[in-house]
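Have a look at the structure below, then the notes.
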Amino acid sequence: MRFVRPSPRGGGWPGSGRRGKGGRLQPRTPFPRFFPPEEMSMANDNAKHTGAGPADALETLRHSTAHLLAHAVLELFPGTQAGIGPAVDNGFFYDFLRDTPFSTEDLSAIEEKMRRIVALDMRIEKLTLPKDEAIGLFQGLGQTLKVELIREKGGDFVTCYRQGEFVDFCLGPHLASTGALAHFKLLSVSGAYWKGDERGLQLQRIYGTAFPTRKELDDYLVLIEEARKRDHRRLGVELDLYSTAEELGGGLILWHPKGARIRAIIEQYWRERHWAGGYDVLYTPHLGREILWQTSGHLDFYKDGMYSPMDIDGQNYYLKPMNCPFHILIYKSRMRSYRDLPLRWAELGTVYRYERSGVLHGLLRVRGFTQDDAHIFCTPDQMEAEILRVLDFSTSILGDFGFTDNKIELSVRDPKNTSKYAGSDEMWTEAEASLVKALDARGFAYERMEGEAVFYGPKIDIKVKDAIGRLWQCTTIQFDFNEPARFGMSYIGPDGQGHQPYMIHRALMGSLERFFGILIEHYNGNFPLWLAPVQVAILPIAERHDDYAKTLEDTLRRAGLRPLADLRREKLNYKIREAERLKVPLILIAGDKEVAAGTASLRVHGQGDKGTVDLAALIAGVKTLVENKSLTVNL
RNA sequence: GCCAGCGUAGCUCAGUCGGUAGAGCGACUGAUUCGUAAUCAGUAGGUCGGAGGUUCGAUUCCUCUCGCUGGCUCCA
């Protein structure tokens with residue numbers, strides 16, 4: 001059967017970057033799905049898929065490989081039941097019901113078996129059976145999960161695919177023969193619920209991937225290895241950027257001096273850009289009274305995501321999971337006229353959200369994080385210009401970090417079920433139109449996702465593509481038709497009457513923790529000069545050069561750079577090795593020659609020895625690179 | 001939260017078929033004063049994640065628990 005993996009929802013307010021653990025669901029394969037379906041020999045059907053457009057050849061290949069996996073498993077482990085086995089973004093999986101868990105060794109045995117079935121080059125046949133007959137067939141095979149699936153399916157006939165002894169209830173399409181499957185690998189085994197129901201049966205899911213050619217498979221495996229090497233949790237320790245601690249609690253981050261330095265630079269940059277961009281910056285507390293969260297609706301709809309209340313003088317106070325109610329209180333602290341609007345209020349607001357222990361992951365999924373949040377309050381007339389402004393602002397800021405290849409998604413409400421949404425039809429129509437207009441004005445390609453909007457308003461999400469082609473959701477721009485009404489927000493219009501303002505939530509980086517994690521992986525720890533916590537390592541060759549090294553350090557620091565002299569009594573090679581390992585962008589070496597000439601010898605990370613440099617020229621060069629937020633070091 | 005796996009020195013890991021542990025790197029001390037990715041020697045450092053049980057004896061076996069990893073689930 002064909003199974004469309006539900007796209008991960010982009011729920012929640014800006015910033016938590018809610019996605020699969022570690023964004024693993026997120027990364028799409030960077031390899032193009034290039035070979036056209038007609039070039040492949042298909043099983044005897046070419047059945048058109050229901051709804052979702054023509055079959056993708058790579059998907060068919062993977063789906064057939066999933067069948068191959070099930071075939072092998074059922075032969076190797078009699079009594080096992082097969083669940084579902086679709087193609088997914090980077091490969092495929094198949095779910096099985098079996099008492100004994102699959103081990104890593106089992107995976108290689110299964111792969112071996114799969115290869116043997118491939119070698120037999122079995123014909124893959126499509127069967128169309130009356131429903132009763134199919135049910136009888138799978139009952140006879142002891143495949144009661146399949147029976148359940150068939151029973152649920154409408155219609156009098158069902159399609160099945162057979163290869164040798166193995167039959168699967170499936171819509172197809174499939175390749176013509178198992179011999180066409182050659183380049184696959186089983187990757188992992190994990191738990192999964194039958195039909196995704198937490199209270200239901202727990203199945204074992206085997207993940208794998210498959211490609212048309214050996215090279216593509218190898219490239220993909222190299223990519224996995226590359227991703228593993230640049231894992232932010234590994235680099236976080238190696239570069240001494242941050243840590244977590246068992247006695248601190250899961251999902252809480254300790255920022256070490258170097259990580260904190262990077263964060264402070266980002267925050268400083270962020271504030272300056274916001275002030276220059278027509279925003280004001282706010283600070284609000286970490287907790288608030290129960291009544292506030294009742295008014296906002298969070299206690300009705302978001303309680304599960306909030307920490308338990310603390311009793312203060314007999315009143316319940318809650319840690320904030322979001323910043324918006326606080327910003328609204330500031331809005332409501334005085335009368336607002338249409339002449340005051342738009343108001344653009346930004347805050348680096350630290351929020352706390354309860355996340356189930358199993359989903360926590362390094363910096364990417366945490367329980368305490370700081371959102372680069374903002375709320376824009378405007379009149380209906382201003383909405384379109386504001387959206388465009390936010391869109392430009394977002395792409396400009398992401399661009400400064402080197403994210404220039406973005407994927408944009410427009411999430412709108414489900415037209416078939418408009419009753420579950422807050423706000424009037426008119427508001428939805430207007431808001432959506434302003435989002436579309438802004439996207440069109442900039443010629444941005446985007447994907448329209450019907451029914452993906454959260455209940456309180458439509459939104460635009462921006463996913464950035466990192467250096468190895470993975471997508472990460474960062475920016476979200478969301479209309480909110482809910483809270484202004486709940487809080488009774490208003491402004492006095494030119495007509496002297498009160499009107500409800502439009503409210504737009506937006507986060508650009510999402511959460512600083514998560515964004516930092518993404519940056520570490522994107523740069524592979526090689527932070528560009530403007531972000532590098534230590535920009536220049538200064539290495540004296542012998543003790544008699546220490547004073548000169550300290551002078552160099554002092555000069556650079558006073559020039560606004562971030563230098564660090566290494567005065568340990570180690571050999572030069574040792575100190576170079578360490579500075580390179582720590583990915584310090586620039587290394588200055590000072591020995592007798594340099595002391596005499598008042599210069600230094602420059603080494604650039606990843607580029608090696610650059611020879612003697614003039615100090616003033618170096619400082620000027622570094623400043624230019626910092627100014628331009630250059631991603632490379634040309635000195 | 002659920003399924004599976006893993007927790008041994010700061011880090012990476014070895015080891016004990018039950019008799020309380022070892023390496024490399026790092027740290028520290030000393031010697032070396034050195035020219036573009038690891039100088040040499042020595043020292044310290046672990047109630048083997050935590051609690052309980054079985055046992056003469058547990059880091060090893062069992063139970064619970066905490067944390068981490070891969071997924072699932074959740075994400076008004």
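Here the structure is a predicted model, which is why all the values come from computation and not from measurement. Sequence lines set the chain letters: A, B, ... in the order given, protein chains first and strands last, and positions in each chain run from 1.
Comparing B:G26 with B:U55, their P atoms sit 47 Å apart, to the nearest whole Å. Distance noted for atom C1' between B:G10 and B:U32: 27 Å (whole Å). Nucleotides B:A23 and B:A14 have their P atoms positioned 16 Å apart, rounded to a whole Å. The separation of B:C13 from B:G53, taken at their C1' atoms, amounts to 31 Å, rounded to a whole angstrom. Between the C1' atoms of B:G22 and B:U8, the separation comes to 10 Å (whole Å). To the nearest whole angstrom, the two C1' atoms, one in B:C66 and one in B:G50, are 7 Å apart. As rounded to the nearest Å, B:C64 and B:G57 have C1' atoms that lie 23 Å from one another. As rounded to the nearest Å, B:U29 and B:C62 have P atoms that lie 45 Å from one another.
A cation-pi geometry, defined here as NZ or CZ lying under 6.0 Å from the six-membered ring centre and within 45° of its normal, does not hold between A:R289 and A:Y317. In this structure, A:R356 forms no cation-pi arrangement with A:Y354, as its terminal cationic atom is not both closer than 6.0 Å to the ring centre and no more than 45° off the ring axis. A cation-pi arrangement is present between A:K320 and A:F326, with the terminal nitrogen or guanidinium carbon under 6.0 Å from the aromatic centre and inside a 45° cone about the axis. Judged by the 6.0 Å and 45° rule, A:R514 forms no cation-pi pair with A:F369.
How far CG of A:D614 is from CG of A:L602: 12.0 Å, rounded to the nearest 0.5 Å. Note that OG1 of A:T599 is 8.5 Å distant from CG of A:L615, once rounded to the nearest 0.5 Å.
A:L360 places its CG atom 17 Å from the P atom of B:C74, with the value rounded to the nearest Å. Atoms CD (A:E543) and P (B:G30) sit 12 Å apart, rounded to a whole Å. Straight-line distance from the CD atom of A:E355 to the P atom of B:G71: 16 Å, rounded to whole Å. Atom-to-atom, CZ of A:R365 to P of B:C74 comes out at 12 Å; the value is rounded to the nearest Å. Rounded to an integer number of Å, the gap from A:L567 CG to B:U33 P is 18 Å. One atom, CD1 of A:I224, and another, P of B:G71, lie 10 Å apart when rounded to the nearest Å. Between the CG atom of A:L363 and the P atom of B:C68 there is a distance of 13 Å, rounded to whole Å. As a whole-Å value, the separation of A:D304 CG from B:G1 P is 14 Å.
Salt bridge annotation for A:R230-A:E225: absent, with no cationic side-chain nitrogen under 4.0 angstrom from a carboxylate oxygen. In summary, A:R205 and A:D95 engage in a salt bridge, as defined by a charged side-chain N under 4.0 Å from a carboxylate O. Under a 4.0 Å N-O distance rule, the pair A:E553/A:K550 does not qualify as a salt bridge.
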**Prompt:** Do A:H256 and A:S243 pass the side chain to side chain donor-acceptor pair (under 3.5 Å) test, and can you show the C-alpha distance, the side-chain angles, and the key distance before you say yes or no?
**Reply:** CA-CA 7 Å; A:H256 295 200; A:S243 64; 2.7 Å; yes
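Residue-to-nucleotide proximity on RNA chain B shows that, of A:I541 and A:V237, the 5′-proximal contact is made by A:V237.
Contact annotation for A:D300: no contact, since no heavy-atom pair falls under 4.0 Å across all strands. In this structure, A:K593 reaches the bases: a heavy-atom distance under 4.0 Å links it to at least one base atom across the strands shown. Nucleic acid contact for A:R568: sugar-phosphate only, since backbone atoms but no base atoms lie under 4.0 Å from a heavy atom of the residue.
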Please write out the pairs of protein N or O atoms and N or O atoms of nucleotides 2-6 of chain B separated by less than 3.5 Å, giving the distance to one decimal.
{"residue": "B:C2", "atom": "O4'", "partner": "A:Y193", "partner atom": "OH", "Å": "3.3"}
{"residue": "B:C2", "atom": "O2'", "partner": "A:Q202", "partner atom": "OE1", "Å": "2.3"}
{"residue": "B:C2", "atom": "O2", "partner": "A:Y193", "partner atom": "OH", "Å": "3.2"}
{"residue": "B:C3", "atom": "O4'", "partner": "A:Q202", "partner atom": "OE1", "Å": "3.3"}
{"residue": "B:C3", "atom": "O4'", "partner": "A:Q202", "partner atom": "NE2", "Å": "3.1"}
{"residue": "B:C3", "atom": "O2", "partner": "A:G191", "partner atom": "N", "Å": "3.3"}

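Contact annotation: A:R233 side-chain N/O to B:U69 OP1/OP2 distance is under 4.0 Å. A:R544 has a side-chain polar atom (N or O) that falls below the 4.0 Å cut-off from OP1 or OP2 of B:C34. Neither OP1 nor OP2 of B:G35 sits under 4.0 Å from any side-chain N or O of A:H545.
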**Fill in**
Scoring nucleotides 36-46 of chain B by protein non-hydrogen atoms under 4.0 Å (B base, S sugar-phosphate only, - none) yields BBBB-------
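Proximity of a side-chain donor or acceptor of A:Y242 to a complementary backbone N or O of A:P257 within less than 3.5 Å is not detected. Between the side chain of A:D466 and the backbone N or O of A:I468 there is at least one donor-acceptor pair closer than 3.5 Å.
With A:Q607 as reference, A:K610 is the one residue of A:K610, A:H605, A:R603 to meet the side-chain hydrogen bond (donor to acceptor under 3.5 Å, both in side chains) rule.
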**Item:** Pair pattern of RNA chain B in dot-bracket, where unpaired bases get dots and | marks partners in another strand, Watson-Crick or G-U under 3.5 angstrom
**Value:** (((((((..((((.....[..)))).(((((.......))))).....(((((..]....))))))))))))....
